[in-house]
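Let me begin by presenting the structure, written as structure tokens, before commenting on it.
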Amino acid sequence: MRSESRCLLLQPLGTPQPAMCPRAVALSFLFVLISAVANGDPSQGVSLPEPCLPGRPCTLALISDNPVTLRCPGPPHQGPVSWQYADPSRPGERPATFIRTGHPLALIPTRAKLWRLRLKTRLLQGDLRILDPGVGDSGIYSCHRGDAMLAYYDLDFQDAGRLHISHASLGEATLANTTVDLAGGARGQLFTAWARWQPCDRCGGPGERKRVGFCYARLASRPEGPLPCGVAGRGLPQRGPELRVESCEVPCDRAYGPSRDELGRAPLLVVTRYRALPHARARLRCPTASIYSPVYWQEGPTALTWLDLHQRNGSIGLDKATGGGTLLLSSWNGTDAGYYQCYVGGQLVGQFLVTPPRVLASAPELTRAYSAIESLVVGLSIFLLFLLFLSILQSCRRKPGAVMA
């Protein structure tokens with residue numbers, strides 16, 4: 001388990017900061033976490049509240065390979081903001097700053113892990129965006145302005161590679177609660193903490209909706225409440241996060257339309273051409289999509305749902321780690337050439353034209369082209385040798401002792 005270094009300093013700006021070591025987050029805090037994940041901003045990945053609970057650490061489970069934004073409360077114009085990271089696997093290591101507002105080269109981390117973390121993070125008006133988090137990026141993140149700590153996040157990035165996906169229409173079951181024996185004779189229970197259902201990914205026809213589940217542990221030695229499995233301790237059995245999918249159908253009414261915040265946001269549409277190589281895999285990543293946002297794909301006018309693709313069992317699939325945010329074309333042989341579109345929150349954000357590579361010239365034409373190039377190179381070489389021979393001959397004809405003007 002993590003040590004008592006999980007103390008929190010959350011005080012108003014400019015006030016003294018006595019250290020507090022709060023109790024573990026209670027079960028009620030778990031529902032605050034789930035609500036925060038369910039209401040995330042799809043354009044930034046999941047966006048966490050500011051902070052989750054006043055004066056308390058924000059202990060959260062998230063899923064790797066999906067972007068996340070950690071908010072730092074307070075107006076950004078009040079002063080420069082910096083973020084620190086502490087690795088819980090090294091109890092004696094002090095938190096270190098890895099990014100701050102200002103010039104990108106104003107801070108160059110010295111530790112290899114901090115440097116890697118710096119390369120995958122951005123600051124958005126003081127908020128920290130982690131673009132592609134991995135399991136190794138789990139740890140404690142804190143936001144600072146001057147000597148004041150404004151936010152504190154204890155994050156557990158759970159392995160997307162161990163994601164368990166189940167579809168209700170196929171009769172697939174979710175993971176069951178399991179009881180585990182821990183060291184010292186203690187017992188615990190592993191279960192899935194579910195976020196709320198996301199909106200239906202489309203309207204006016206058959207669609208799908210999903211919800212995300214995170215591995216949590218309820219330990220008999222900690223009656224205060226459950227913790228994410230990665231925070232609870234290393235001795236727990238391996239259990240990954242979950243994704244539950246079910247069919248849905250909603251009308252295209254005002255309730256399905258974009259929210260007030262989405263209406264004020266500049267529209268995003270990426271249009272690109274993808275030339276796929278024969279018998280190679282192609283990955284089409286939908287802009288702004290993640291496991292936390294409703295996303296669906298179309299091949300021309302045909303919808304590509306989890307259920308249809310599972311029953312088709314063809315060369316097209318949806319990426320599990322991003323919750324369908326990436327379309328997979330496996331063993332591409334030209335039959336899947338076409339026009340693909342992706343939607344996030346009902347809004348068109350990506351269009352992909354997949355075509356075969358340009359057809360190469362036939363063998364005789366290539367032979368003639370190579371022969372012409374070879375003849376040109378040989379002729380140029382002979383000409384250069386002739387010039388060199390003339391230069392040597394001219395120098396030999398000069399009289400001994402002659403001086404050039």
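Counted by atom type alone, His164 and Ser166 present zero donor-acceptor pairs between their side chains at under 3.5 Å. Between the side chains of Ser82 and Thr97, no donor-acceptor pair is found at a separation under 3.5 Å. For the residue pair Asp127 / Gln125, no side-chain donor-acceptor distance below 3.5 Å is found, with atom types taken as modelled. The closest side-chain donor-acceptor pair between Gln351 and Tyr339 falls under 3.5 angstrom. For the residue pair Arg285 / Thr322, no side-chain donor-acceptor distance below 3.5 Å is found, with atom types taken as modelled.
Relative ring orientation between Tyr141 and Phe98 is described as perpendicular, the plane-to-plane angle rising above 60° on a 0-90° scale split at 30° and 60°.
Checked against a 6.0 Å centroid threshold, the rings of Trp194 and Tyr216 do not count as neighbours.
Atom-to-atom distance recorded for Ser64:OG and Phe157:CZ is 8.5 Å, nearest 0.5 angstrom. Ser315 OG to Leu309 CG: the interatomic distance, rounded to the nearest 0.5 Å, is 10.0 Å. Taking OG1 of Thr179 as the start and CG of Leu190 as the end, the distance is 8.5 Å to the nearest 0.5 Å. Atoms CD and OG1, on Gln298 and Thr305 in that order, are 11.5 Å from each other to the nearest 0.5 Å. Within the model, atoms CG of Leu155 and OG1 of Thr59 stand 8.5 Å from one another, a figure rounded to the nearest 0.5 Å. The CD1 atom of Ile165 lies 11.5 Å from the CZ atom of Arg244; values are rounded to the nearest 0.5 Å.
With hydrogens and angles disregarded, a donor-acceptor distance shorter than 3.5 Å links the side chain of Trp83 to the backbone of Gly126. In terms of modelled atom types and a separation under 3.5 Å, the side chain of Thr121 and the main chain of Leu117 share a donor-acceptor contact. For Glu299 (side chain) and Gly338 (main-chain N/O), no donor-acceptor pair under 3.5 Å exists by modelled atom type. When atom types are taken as modelled, the side chain of Asp156 and the backbone of Gly230 share a donor-acceptor pair closer than 3.5 angstrom. Within the 3.5 Å criterion, the main-chain N or O of Trp306 finds a donor-acceptor partner in the side chain of Glu208.
For the pair Cys72 and His144, the minimum side-chain heavy-atom distance is 4.5 Å or more. Tyr292 places none of its side-chain heavy atoms less than 4.5 Å from the side chain of Lys210. Leu123 has its side chain out of reach of Val81: every pair of non-hydrogen atoms, C-beta onward, lies at least 4.5 Å apart. For the pair Thr326/Leu284, no side-chain contact is recorded, criterion being any heavy-atom separation below 4.5 Å from C-beta on. Under the 4.5 Å side-chain criterion, counting only non-hydrogen atoms from C-beta, Leu348 is in contact with Gln341. At a threshold of 4.5 Å between non-hydrogen side-chain atoms, the residues Leu329 and Ile316 count as touching. Counting only heavy atoms from C-beta outward, the side chains of Phe191 and Cys215 never approach each other to under 4.5 Å. Using a 4.5 Å heavy-atom threshold, the side chains of Leu128 and Thr69 count as separate.
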What's the verdict on side-chain contact (heavy atoms from CB on, under 4.5 Å) for Tyr340 and Leu353, showing C-alpha distance, side-chain angles and the deciding distance?
-> CA-CA 6 Å; Tyr340 298 89; Leu353 179 60; over 6 Å; no
Step-by-step side-chain contact (heavy atoms from CB on, under 4.5 Å) determination, Val245 to Arg211 | CA-CA 7 Å; Val245 185; Arg211 65 173 178 171; over 6 Å; no
Stepwise side-chain contact (heavy atoms from CB on, under 4.5 Å) check, Val68 with Leu70 | CA-CA 7 Å; Val68 58; Leu70 307 179; 4.2 Å; yes
Evaluation steps, salt bridge (charged side-chain N to carboxylate O under 4.0 Å, His left out), between Arg209 and Asp201 | CA-CA 6 Å; Arg209 64 175 186 168; Asp201 57 13; over 6 Å; no
Given Thr178 and Arg239, is the side-chain contact (heavy atoms from CB on, under 4.5 Å) satisfied, shown in steps?
-> CA-CA 10 Å; Thr178 57; Arg239 178 188 173 110; 3.9 Å; yes
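Here the options are Asp319, Leu304, Val354, Val295, the test is side-chain contact (heavy atoms from CB on, under 4.5 Å), and the partner is Leu327; only Leu304 passes. The residue from Ser290, Ser293, Pro133 that alone fulfils the side-chain contact (heavy atoms from CB on, under 4.5 Å) condition with Asn66 is Ser290.
More than 12 heavy atoms of other residues, nucleotides or ligands shown are found within 6.0 angstrom of NE2 on His167. The environment of Lys113 atom NZ is dense: over 12 non-hydrogen atoms of other residues, nucleotides or ligands sit within 6.0 angstrom.
Minimum interatomic distance between Cys286 and Val349 (heavy atoms only, all atoms of both residues): SG-CG2, 3.5 Å. A pairwise comparison of heavy atoms in Glu249 and Gly205 identifies CG-O, 3.5 Å as the closest pair. Across all non-hydrogen atoms, the minimal contact from Pro294 to Pro199 is CB-O, 3.6 Å. Contact record, Pro88 with Gly139: CD-CA, 3.5 Å, taken as the closest heavy-atom pair. Considering all non-hydrogen atoms of both residues, Leu163 and Ile291 come closest at CD2-CD1, 3.9 Å. Between Gly323 and Leu243, the shortest heavy-atom contact is CA-CD2, 4.0 Å.
No cation-pi contact links Arg202 to Tyr343, judged by a cut-off of 6.0 Å to the six-membered ring centre and 45° from its axis.
Ion pairing of Arg116 with Asp137 is absent here, as no side-chain N (NZ or NE/NH1/NH2) approaches a carboxylate O to less than 4.0 Å. A salt bridge is absent between Glu242 and Arg162; no separation between the charged side-chain nitrogens and carboxylate oxygens falls under 4.0 Å.
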